[in-house]
Amino acid sequence: MKTLWNSHTALTVRRVALLYAVLTLCRALFFLHNRELIGPLETWGSLVKGALQFDTVSILYAEGLWLVLALLPLPLAWRESRLWQRLLFALYSVVGSLVVALNLSDAVYFRYTQKRFTADEIFFADNSNSLQLMGKFMAENWPLVLAWGALTALLVWGGRGGEHPKSPLRRGWSYYPAGLIVLALAVGLSIGGIRGGFTRMTRPITLSNASLYAPTSAQANLILSNPFCILRTAGSSSKVEVPEFFGPEELFKHYTPYHYPKVEEEAPLKGRNVVIFIMESMSAEHSAHLRPDLYQKSDYYKGFTPFLDSLMREGYCFKQMYANGLRSIQAMPAVLGSIPSFKTPFVLMPQSLGESRQLPRILHDQGYETAFFCGSESGSMGFGAYARSAGVERLYAREEYEARHGKEDFDGYWGIWDNKFLHFLGEELTTLREPFMATLFTLSSHHPFVVPESLKDSLPKGYTAIHRCAAYEDYAFRQFFREYHKAEWFQNTLFVFVADHVSSERYSAESRTWPGDHHIIGFCYAPGSDLRGESSEPTQQIDWMPTILGLVGNTEPYFAFGRDLFTEPERPHWALSYENGYQLVSENGVRKLSPGLDLPTEQDEESQKLKALVQQYYTHISQQSYIVK
């Protein structure tokens, strides 16, 4: 018995069991770190079953090389050598430590995106401030860093070989056949583990399979495990499957992304400049105008955006505006191109480079100068690259600001403080030929949630880490409007305000679940115009491009998945997103569709339109064409 316990196979099994135990502890820490977002756990049996399945795949993906080398029936003289065993142990320990680091990092990352770290996020790692931000995250989440050290120590201590492992089959012909049988058995079990089963009907499991074991998307993320999430999504952006719900003629009857503007009367804001502010993490719940129920009996009765609230009352406010995603990179094509992101962010798909005529290019061809501003370094987050592909002529980043104003206004993490960069925006707009279209992406209302020291004591602290930053954003816009409101170009401009997504820091219970976790600030303001009022119907980021084109008098047919909120009442009044399944909010209520079913089987009009939109979306992605044909 002792000989069997100290065999190579038994040692390998013990080490695999230890990996399961460590990943279970990682999942417990994930839950403790995000328990408010995940909610109470009730379906324990199903959750454990799903967790074991995804942990199995993660172990096989990550430790596959070690597993094969450990079970390979090499000659005993080599297999039992101290050098070989040390190499195997080092490979097992180092890879295991990285797996623990990935899973504990997910505990932090989930708070900001409500998803696990996947291959898509590798796109964001190529920034000069990545190491600095990593250090900041580690300092802020030092308990998880300590946990990583403790779990790594557990792997090293528990994975030791005890007595030197030896095969119970010392001589004769039986050693190699027995070793090959064990290896073949392990390979067979591994194939079944990676696929998620052994039947011919079983398809390799994907991230969406987690929803089969969990009642909510948050709990589905809880049972997922890395590196499964990274390796399973690697390369997926290039694969496009086009669903075929309808034939060509019927498809366009249910839904079309082609828009043909009506030329019946003069557009209300024809010829005006357009300035779009894409605001980082500006949830609707920051605003007392949008969420008065949160602040009526609060010490912060004005909310945290009193100036923006005043503009909402002076302009046209969409009180039920929703983001089409949870990440900044999803907001850019949604706002500027009226293109949503579903299973994969559109910008990260190679097909996104296909032919398109998005808002900047359309307006450029109509005589507008186009510019994009972001206070981060040039190329950061891919914003500038996307803006250029959308037809923007001029890019302004941290480098352009510092060339004129020096390096003192860098916030130490992301880029130039927003109040300083908004001033820079005004300087540049004053020099542009009219009409112009400019987009500015703010960045200060973001982790690590810091504001300029000179303003810190004058801004309300609030209830969450971001509230002071939201108040700082409001202050920055107040200063910008105060400084430039008398400029000639200012009075001839349509200003659009829309958040990229909700904040990771949630105050109200409603903001932690769909659709509140996508409810954002969205309104427009045109000085001296009749564009005033409000709407309480569901609207979304992809509606901005058609709406802006309608307001400034565009007559060119164009491609867009949204609708002109003022002149296209026949199009669906809804807001869509994809977070572990399609979800929508409409005048008919809220629907969250299981990824197992993917799309509704009902034949009602709304379901048919949704299926038609999805078919149109993937059809055009497969064709790499986003223009009216």
Side-chain angles (χ1 to χ4, degrees), residues 36-37 108 111-113 129 132-133 135-137 139-141 277-312 323 326 328 374-376 408-423 440-483 497-512 516-517 519-523:
E36 290 184 359
L37 292 172
V108 179
R111 284 184 62 85
Y112 296 92
T113 61
N129 62 343
Q132 183 183 19
L133 288 171
K136 178 69 174 176
F137 276 108
E140 288 185 347
N141 297 279
F277 295 110
I278 302 179
M279 304 179 294
E280 175 66 49
S281 301
M282 292 298 274
S283 310
E285 71 171 8
H286 300 337
S287 163
H289 180 68
L290 298 175
R291 293 294 310 274
D293 55 307
L294 297 179
Y295 301 106
Q296 286 174 345
K297 298 180 180 180
S298 165
D299 292 338
Y300 303 105
Y301 64 94
K302 292 183 178 180
F304 301 96
T305 59
F307 176 71
L308 293 178
D309 286 359
S310 70
L311 291 183
M312 292 182 208
L326 289 172
S328 299
C374 185
S376 60
E408 293 76 17
D409 296 323
F410 176 55
D411 66 8
Y413 297 100
W414 290 105
I416 306 302
W417 292 112
D418 279 340
N419 67 316
K420 300 293 185 179
F421 204 72
L422 279 168
H423 170 77
L440 181 140
F441 208 120
T442 69
L443 51 76
S444 294
S445 51
H446 195 286
H447 181 273
F449 307 121
V450 292
V451 299
E453 281 296 322
S454 60
L455 298 172
K456 187 174 181 180
D457 292 338
S458 64
L459 297 170
K461 181 179 179 181
Y463 302 112
T464 69
I466 199 174
H467 278 162
R468 179 173 277 155
C469 296
Y472 167 66
E473 287 293 305
D474 191 72
Y475 163 84
F477 281 116
R478 183 189 297 274
Q479 295 300 108
F480 173 79
F481 271 64
R482 180 177 296 168
E483 184 174 5
F497 295 79
V498 57
D500 61 342
H501 52 71
V502 300
S503 168
S504 60
E505 305 299 307
R506 316 291 174 81
Y507 172 46
S508 65
E510 296 88 346
S511 68
R512 296 179 185 137
D517 61 354
H519 189 196
I520 58 172
I521 292 176
F523 68 97

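The first residue of the sequence shown is numbered 1, and numbering continues consecutively from there.
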Requested in this report: Show the numbers, then the answer: is there a side chain to side chain contact (heavy atoms under 4.5 Å, CB included) between Glu473 and Thr442?
Outcome: CA-CA 8 Å; Glu473 287 293 305; Thr442 69; 3.4 Å; yes

**Report entry** Residue pair Phe477, Phe307: steps toward the ring-ring contact (aromatic ring centres under 6.0 Å, His included) verdict
**Finding:** CA-CA 8 Å; Phe477 281 116; Phe307 176 71; 7.8 Å; no

**Report entry** Residue pair Glu280 / His501, side-chain donor-acceptor N/O under 3.5 Å
**Finding:** yes

Requested in this report: Working to the nearest 0.5 Å, report the span between SG of Cys469 and CG of Asp474.
Outcome: 13.0 Å

Requested in this report: Check the pair Ser444 / Trp414 against side chain to side chain contact (heavy atoms under 4.5 Å, CB included), numbers first and verdict last.
Outcome: CA-CA 8 Å; Ser444 294; Trp414 290 105; over 6 Å; no

Query - Partners passing side-chain hydrogen bond (donor to acceptor under 3.5 Å, both in side chains) against His423 (at least two apart in sequence or in another chain) - result: Glu427, Glu483, Tyr484

Query raised in the report: Is the backbone of Leu290 close enough, under 3.5 Å, to the side chain of Ser287 for a donor and an acceptor to pair up by distance?
Result: yes

**Report entry** Among Tyr300, Phe304, Tyr301, ring pair (Phe, Tyr, Trp, His ring centres under 6.0 Å) partner for Tyr295
**Finding:** Phe304

Query raised in the report: Which pair of heavy atoms, one from Asp500 and one from Ser328, lies closest together, and at what distance?
Result: OD2-OG, 2.6 Å

Requested in this report: Verify the ring-centre separation between Tyr507 and His467: is it less than 6.0 angstrom?
Outcome: yes

Query raised in the report: Does any N or O in the side chain of Asp411 come within less than 3.5 Å of the main-chain N or O of Val451, such that one atom is a donor and the other an acceptor?
Result: no

Query raised in the report: So which heavy atom on Asp418 is nearest to which on Ser445, and how close?
Result: OD2-N, 4.4 Å

Requested in this report: Decide side chain to side chain contact (heavy atoms under 4.5 Å, CB included) for Val498 and Met282; before the verdict, give the C-alpha distance in whole Å, the side-chain angles of both, and the deciding distance to 0.1 Å.
Outcome: CA-CA 8 Å; Val498 57; Met282 292 298 274; over 6 Å; no

**Report entry** Pairing of Arg506 and Glu36 as salt bridge, 4.0 angstrom limit
**Finding:** no

Requested in this report: For Glu140 and His447, test the side chains for any donor-to-acceptor distance below 3.5 angstrom and give the result as yes or no.
Outcome: yes

Query - Check: Phe497 ring centroid to Phe523 ring centroid under 6.0 Å - result: yes

**Report entry** Non-hydrogen atoms of Val502 and His519 that approach each other most closely
**Finding:** CG1-O, 3.3 Å

Query raised in the report: What pair of heavy atoms forms the shortest contact from Phe480 to Leu422, and how long is it?
Result: CD1-O, 3.3 Å

Query - For the student: nearest non-hydrogen atoms of Phe449 and Ala465, plus distance - result: CB-O, 3.4 Å

Query - For Leu294 against Ser508, the heavy-atom pair lying closest together - result: CD2-CB, 3.7 Å

Query raised in the report: With Asp517, which residues qualify under side-chain hydrogen bond (donor to acceptor under 3.5 Å, both in side chains), at least two apart?
Result: none

Query raised in the report: Step by step, would you call Arg291 with His286 a side chain to side chain contact (heavy atoms under 4.5 Å, CB included)?
Result: CA-CA 8 Å; Arg291 293 294 310 274; His286 300 337; over 6 Å; no

